[in-house]
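Right, one structure below, let's go through it.
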Amino acid sequence: MKASQFTISTLKETPSDAEIASHQLLIKAGFIRKLASGIYSWMPMGLRVLRKIEHIVREEMNRSGAQEILMPVTQPGELWEESGRWQLYDEGLLLKFKDRHDRDFCFGPTHEEVVTDIARMELKSHKQLPVNFYQIQTKFRDETRPRFGVLRAREFIMKDAYSFHNTLDCLQSTFEQMHETYSRILTQMNLEFRAVDADSGSIGGSGSIEFHVLADSGEDLIAFSSDGTYAANIELAEAVAPETSESPLLPIKKVETPHQKTIADVVEYLQLPIESTIKTLLVEGSDTSLVALVVRGDHTLNPLKVEKLSTVRQPLTLASEADILAATGCTPGSIGPTTLDFPIIVDRAANALRNFTCGANENDYHLCNVNWSRDTPEFTVEDIRNVESGDLAPNASGTIEIRRGIEVGHIFQLGNKYSAPMKATVLDAEGKAQTMVMGCYGIGVSRLVGAAIEQYHDDRGIRWPTSIAPFQVVLIPINATKSEQVHKTAHQLYQQLLDAGIEVLLDDRDQMRPGVKFAEAELIGYPHRIVIGDRSLTNGEVEYVNRHTLENQAWPVAEVVAKLKSAVLGSPAVD
Ligand code: ATP
Ligand code: MG
């Protein structure tokens, strides 16, 4: 490709509404253009990257034995009524509309309903299973806060696959195969990632694993054990119980804490270690009007863990100040578990404390040296907090370390969540109808473009891994209009590189200064750059610059093709 015939639309300024590097760089380097909030066009340079990722994903899915299909983005509401998700799918994410006959439709945010409808029509016998259908398709989710460019868009591209099985064992084996396939895809893209245990969210089902690209800008927190055997999204990561304190029980003591509202205030005022205090939060209950949730003063509540408890009303709703006052006679800052007459759920770490401090259920007072059972009504112990770095990891696997990640893929064991309500059955060996067992597997193709940039950029711009770069090599001739030799060498190298199967951009725009071209090349992030100028050509050489190391070398013209071939087409990331 010649730059003179290719629309390169870089900007001088960093867009002010873009908060993180990938969003800023995708706009600044002219890869995407915004049409509306969370809705982007892919410009020629950006589309090349997107297609590269699609290609890697498609090859690996095909290698796994999955079959590509393409389902419509427009989906009839009736199918969603059948699965029970027309009203329930993550509040507001579903973009609904009507056709001219007043029939309900939505723009597909995911395709479980459509694929299950296909499966129930096309798959008749147990002998046809297992089957794994996939597509690479546009999705729409009316996200509450579209942000970070392509990382959280409203319209985006996903590879989604859906498998159908006779037995759970068979599902398990496809699930493991998809785990392996996703690892291969991300390895081919040269990304640093982790597979972590995850919550299944509104897609539902039992087991699920998320794939996270590690990046400080990630929205998710992931917890690993120091021995590397445990990894889970913090939403799900188990907080194990610390050993119960052995200190002797001290007599309870009531202390005055005037105007001390937060736990930080109380700790400062009473000069206590925060780990010896507890916080009591009141939420609405399912059978009782209120439920008390207790965590250690330095810990935070994990709402997803709490929502799974049957005593707590869903969605999790904090009690109003008026309800708290009516039930306890005090304001939220002075509550403690000692005299409450509704269910009390205590986190494992809070339960391990002795002689702790808590609110006295009386404004401006706290109690010190409180002890479970001796000073409190009955309670239950659950894991309801977020893990923290340094905590003990589950299964004696060391201590917890926490990093940020961008969720780029998610694989689920759905079981019969969709196949049962939608009556997707096949005939078993005895000729009886049996409900198919399903799995589903998503990878965010457009999100991966942004995630890769989050890992690969510096203050000059993007540093594409060669496997997904828009062009592998850029050739920049200097003063080609004046120097016949430069012009000729550049065009010869260009042709030789094309012949060698290397994706090369010849920057033949003659109106641009070399310095501007270099800065632009660094912004766009081609991994390999060759500069052809009269001065080095007198020695029969050109200048090579590596975008990752910014290293600069003189290469003999005659060796350029061979050297680039080995740099670009060298050993594959995955065999
Ligand atoms: P998130 O938790 O980030 O909202 P999700 O768990 O709702 O994502 P899934 O339903 O698991 O997403 O979708 C599969 C994949 O699709 C995700 O792992 C992600 O890579 C991609 N994806 C989901 N939502 C978006 C979005 N708004 N923009 C871009 N990609 C997305
Ligand atoms: Mg997910």
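Nothing here was measured: the structure is a model prediction, and the numbers come from that model. Nothing fancy with the numbering, it's 1 onward along the sequence.
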Side chains of [X] and [Y], donor plus acceptor under 3.5 Å:
X      : Y      : answer
Thr167 : His165 : no
Glu68  : Asn62  : no
Asp160 : Gln135 : yes
Gln172 : Gln413 : yes
Ser467 : Asn190 : yes
Glu60  : Gln188 : yes
Ser397 : Asn395 : no
Ser22  : His457 : no
Glu401 : Ser389 : no
Asp227 : Ser225 : yes

Taking side chain as C-beta onward, heavy atoms only, is [X] less than 4.5 Å from [Y]?
X      : Y      : result
Leu35  : Tyr40  : no
Arg120 : Thr425 : no
Glu112 : Tyr162 : yes
Leu94  : Phe107 : no

[X] [atom1] to [Y] [atom2] distance, which is reported to the nearest 0.5 Å:
X      : Y      : atom1 : atom2 : value
Ser64  : Tyr182 : OG    : OH    : 9.5 Å
Ser163 : Phe175 : OG    : CZ    : 10.0 Å
Ile345 : Thr380 : CD1   : OG1   : 5.0 Å
Leu123 : Leu129 : CG    : CG    : 6.0 Å
His212 : Asn233 : NE2   : CG    : 4.5 Å
Thr466 : Lys52  : OG1   : NZ    : 8.5 Å

Quick one: do [X] and [Y] make a salt bridge, cutoff under 4.0 Å?
X      : Y      : result
Asp104 : Lys98  : yes
Glu143 : Arg154 : no
Arg404 : Glu454 : no
Glu219 : Arg147 : yes
Asp347 : Lys305 : no

- Test the Lys96-Trp80 pair against the cation-pi criterion, namely NZ or CZ under 6.0 angstrom from the six-membered ring centroid and within 45° of the ring axis.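 The answer is no; the distance or angle limit is not met.
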* Who pairs with Thr300 by side-chain hydrogen bond (donor to acceptor under 3.5 Å, both in side chains), at least two apart in sequence or on another chain? ->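 With sequence neighbours excluded, Thr300 shows a side-chain hydrogen bond (donor to acceptor under 3.5 Å, both in side chains) to Asn386, given in chain and number order.
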- Is the count of non-hydrogen atoms from other residues, nucleotides or ligands lying under 6.0 Å from Asp17 atom CG greater than 12?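 Yes, because the 6.0 Å sphere around CG of Asp17 holds more than 12 heavy atoms from other groups.
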